[in-house]
Amino acid sequence: MDGIETDWRMIIWDDITSSEMPWMDRAEACELKPATILSVGTVVNENDEFLTLAGSMGTEGEIGNVNCIPKACIRRQVTLFQSNQEPAS
């Protein structure tokens, strides 16, 4: 991964939930809550509206497990390390 800039972060964010039941009563619907998700990966793209995170990176820079997360859904983010730093042990 020489020459590839990486910024690895842990992101805690809220995701939608839904019911797979075709019908439910109002009380059951009121029980639904967003799911809190913890994702770790390298930042592929970031702007004022969203952050795109890849959970896997190959030795030639290919990426996988990619999520685009709206900034409004992010509760907390922590930079774990950047390409110019040694990974925390």
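Because the structure is a prediction, the values reported are computed rather than measured.
- Separation of atoms CE (M57) and OG1 (T6) is listed at 6.0 Å; rounding is to 0.5 Å.
- Taking each heavy atom of W13 and I74 in turn, the nearest pair found is CB-CA, 4.0 Å.
- For C68 against F50, the heavy-atom pair with the smallest separation is SG-CD1, 3.4 Å.
- There is no path of hydrophobic side-chain contacts, each under 4.5 Å, that joins F81 to L51.
- Shown are V43, L38, I37, I69; of these, the side chain to side chain contact (heavy atoms under 4.5 Å, CB included) with I11 is made only by I69.
- Of all non-hydrogen atoms in V40 and L53, the two that sit nearest each other are C-CD2, 4.1 Å.
- Contacts classified as salt bridge (charged side-chain N to carboxylate O under 4.0 Å, His left out) and involving residues 22-42 (residues at least two apart or in different chains) are not found.
- When all heavy atoms of A54 and I63 are compared, the closest pair comes out as CB-CB, 3.8 Å.
- Remark: E46 engages R9, K71 in a salt bridge (charged side-chain N to carboxylate O under 4.0 Å, His left out) (not counting sequence neighbours).
- Placement of L32 and I16 in two distinct hydrophobic clusters is found when ILVMFWY residues are connected by side-chain heavy-atom separations under 4.5 Å, directly or transitively.
- In this structure, CZ on R75 lies 8.5 Å from CD1 on I12, to the nearest 0.5 angstrom.
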